[in-house]
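What follows is a single structure, written as structure tokens, with notes after it.
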Amino acid sequence: MPVRAVAVTTTALLGVALTAPLSHARADEAAGDGPLVVAHRGASGYAPENTLAAVDRAAELGFRWVENDVQRTRDGELVVLHDESLARTTDVEEVFPDRSPWKVKDFTAAEIARLDAGSWFGSEYAGARVPTLEQYVNRVDHNHQKLLLELKSPGLYPGIERQTLKVLANEGWLDRRHVAGRLVVQSFDADSIRTVHELKPAVKTGFLGTPAVSELPAYAEFADQINPSHSSLSMSYVSSVHAFTGPHGRPLEVLTWTVNDAETARRVAGYEVDGIISNKPDVVRDAVD
């Protein structure tokens, strides 16, 4: 069934105005031969996760790559939020006390636009909003950053792959410049990533998880990256992943998550991973540099 578009004012969802463009972030991914460092949900160790403030904080710290999570509202708007429930990172329990368990899919975009998504993290972020996907990618573009976009729980949102690609196309993210080096779409759901690859083969994709080595040939048909938890990694596994060629003719990459301390960062860097995803990307950068 087609999704019904809903008009919501930008200022209501955004919560803050766009500032002048930030200076180009330092090329942390080009520093030596170390792994790429990705700011997880933005610089979520220093600002409320998945908000525009977290994107900006990552840029201020010098990080070109940010990761985010996408879900869908009851009326078909794509919004950027990690949990299936709004309870942990917004004031939804106060604003809508009778709507337990406060699932994203049970609220309209306008209702979500009313929520405070920053006060839980710190009073200085009071009034931050849950951004729409359009607002999020526009801020990433505004900051000259790059995007690792996760389709969150796609089984809850049939057709979210096609809808996400449509939003990306509408906002200019499927042109040659973005697709060539500024966008990766990932998910824990292999079928979802396969669908993205089939719908838009040019888009780089990643599978979140640690498939058995014997399964890697099948994943290499539709995924460019295998992105496991750091706790599941070994040097031999990373080497095995690198031995396969992905759908774009290059060796499969490994980006590992979520690494927030120097010791773990150095350990996984020693495995020759291609990237490290972190809430505190500056800590990881300092460790691997």
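In this text, all values refer to a predicted model and were calculated from it rather than measured experimentally.
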Assess whether salt bridge (Lys or Arg N to Asp or Glu O under 4.0 Å) is satisfied between Lys280 and Asp261, documenting all intermediate values.
CA-CA 8 Å; Lys280 297 182 176 181; Asp261 65 275; over 6 Å; no
Criterion side-chain contact (heavy atoms from CB on, under 4.5 Å) on Asp274 and Leu36, from CA distance to verdict:
CA-CA 6 Å; Asp274 301 280; Leu36 173 76; over 6 Å; no
Report the C-alpha separation of Phe188 and Phe207 in whole Å, then their side-chain angles, then the decisive distance to 0.1 Å, and conclude whether the ring pair (Phe, Tyr, Trp, His ring centres under 6.0 Å) test is met.
CA-CA 6 Å; Phe188 283 98; Phe207 174 72; 7.5 Å; no
For side-chain contact (heavy atoms from CB on, under 4.5 Å), just list the numbers for Leu208 and Glu150, CA-CA rounded to whole Å, side-chain angles, deciding distance to a tenth of an Å, and then say yes or no.
CA-CA 9 Å; Leu208 285 159; Glu150 180 182 347; 3.5 Å; yes
Walk me through whether Tyr46 and Asn279 qualify under side chain to side chain donor-acceptor pair (under 3.5 Å).
CA-CA 8 Å; Tyr46 308 109; Asn279 298 339; over 6 Å; no
Between Lys166 and Arg162, does a side-chain contact (heavy atoms from CB on, under 4.5 Å) hold up when you go through it step by step?
CA-CA 6 Å; Lys166 182 178 180 180; Arg162 185 181 297 275; 5.8 Å; no
Show the numbers, then the answer: is there a side chain to side chain donor-acceptor pair (under 3.5 Å) between Arg64 and His144?
CA-CA 7 Å; Arg64 299 292 295 276; His144 311 292; over 6 Å; no
In sequence, state the C-alpha distance, the side-chain angles, and the governing distance for His40 and Glu67, and then conclude on side-chain contact (heavy atoms from CB on, under 4.5 Å).
CA-CA 5 Å; His40 186 232; Glu67 185 265 0; 3.2 Å; yes
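Atom CD of Glu215 is surrounded by more than 12 heavy atoms from other residues, nucleotides or ligands within 6.0 Å. Around CZ of Arg177, the count of heavy atoms belonging to other residues, nucleotides or ligands within 6.0 Å exceeds 12.
To the nearest 0.5 Å, atom OG1 of residue Thr90 and atom CG of residue Asp116 are 8.0 Å apart. Note that NE2 of His82 and CD of Gln71 are 8.5 Å apart. Values are rounded to the nearest 0.5 Å. With rounding to the nearest 0.5 angstrom, the CG atom of Leu168 is 9.0 Å from the CG atom of Leu78. The CZ atom of Arg74 lies 10.0 Å from the CD1 atom of Ile112; values are rounded to the nearest 0.5 Å. Separation of atoms NZ (Lys103) and OG1 (Thr73) is listed at 15.5 Å; rounding is to 0.5 Å. Here the CD-CH2 distance, from Gln186 to Trp257, works out to 9.5 Å after rounding to the nearest 0.5 Å.
Ring geometry for His178 against Trp173 counts as tilted: the plane angle lies between 30° and 60°, on a 0 to 90° scale. Tyr219 and Phe222 have tilted rings, their planes meeting at an angle from 30° to 60° on a 0 to 90° scale.
Thr132 and Glu77 share no side-chain donor-acceptor pair at under 3.5 Å. Defined by atom type and a distance below 3.5 Å, a donor-acceptor pair is missing between the side-chain atoms of His248 and Lys204. Side-chain contact annotation: Asn260 with Ser278, donor-acceptor N/O pair under 3.5 Å present.
Looking at Val55 and Asn143, their side chains come closer than 4.5 Å, going by heavy atoms from C-beta outward. The shortest distance between side-chain heavy atoms of Ile226 and Pro211 falls below 4.5 Å. In this structure, Ile277 and Leu148 have side chains that are in contact, with non-hydrogen atoms separated by less than 4.5 Å. Counting only heavy atoms from C-beta outward, the side chains of Tyr125 and Thr51 never approach each other to under 4.5 Å. Using a 4.5 Å cut-off on side-chain heavy atoms (C-beta onward), Lys146 and Val66 make no contact. When side chains are defined from C-beta on, Tyr157 counts as touching Val104, because their heavy atoms get closer than 4.5 Å. Within the 4.5 Å cutoff, side-chain heavy atoms of Leu156 are placed close to those of Glu84. Contact annotation: the side chain of Asp224 approaches that of Pro247 to within less than 4.5 Å [non-hydrogen atoms, C-beta and beyond].
Both Ile160 and Leu147 belong to a single network of hydrophobic side chains, linked directly or stepwise wherever heavy atoms of I, L, V, M, F, W or Y lie under 4.5 Å apart. The cluster map of Ile, Leu, Val, Met, Phe, Trp and Tyr, joined by side-chain heavy atoms under 4.5 Å apart, puts Phe121 and Val95 in different clusters.
For the pair Arg99 and Phe96, the cation sits on the ring face: its NZ or CZ lies under 6.0 Å from the ring centre, inside 45° of the axis.
At distances below 3.5 Å, not a single donor-acceptor pair connects side-chain atoms of Ser44 with backbone N or O atoms of Glu49. For the pair Glu124 (side chain) and Ser119 (backbone), a donor-acceptor distance under 3.5 Å is absent. Arg139 places no side-chain N or O within donor-acceptor distance of the main-chain N or O of Ala53, the cut-off being under 3.5 Å. At least one donor-acceptor pair closer than 3.5 Å links the side chain of Ser187 to the backbone N or O of Asp189. A donor-acceptor pair under 3.5 Å links the side-chain atoms of Arg129 to the main chain of Leu115, judged by distance alone. Proximity of a side-chain donor or acceptor of Arg285 to a complementary backbone N or O of Leu61 within less than 3.5 Å is detected. Distance alone, capped at 3.5 Å, places no donor-acceptor pair between the Asp141 side chain and the Val137 backbone. Panel note: side chain Gln225, backbone Leu255; no donor-acceptor pair is recorded below 3.5 Å. Between the Thr210 side chain and the Ser232 main chain, no donor and acceptor come within less than 3.5 Å of each other. Without hydrogens or angle criteria, Trp120 side chain to Thr89 main chain gives a donor-acceptor distance under 3.5 Å.
Listed here is the closest heavy atom pair of Ala117 and Pro48: O-CB, 3.5 Å. Minimum interatomic distance between Ala223 and Leu252 (heavy atoms only, all atoms of both residues): O-CD2, 3.0 Å. Annotation for Trp65 and Leu183: closest pair CH2-N, 3.9 Å, computed over non-hydrogen atoms. For the pair Arg57 and Ala47, the tightest heavy-atom approach, listed with the atom from each and the gap, is CB-CB, 4.3 Å. Taking every heavy atom of both residues into account, Ser192 and Leu151 meet most closely at OG-CD1, 3.4 Å. Residues Gly42 and Tyr136 come closest through the heavy atom pair N-OH, 4.1 Å.
With respect to the salt-bridge test (charged N to carboxylate O, under 4.0 angstrom), the residues Arg194 and Asp191 qualify.
Tested against Val268 for a side chain to side chain contact (heavy atoms under 4.5 Å, CB included), the candidates Thr256, Val254, Val238 yield a single pass: Thr256.
Residues passing the salt bridge (Lys or Arg N to Asp or Glu O under 4.0 Å) test with Asp83, sequence neighbours excluded: Arg88.
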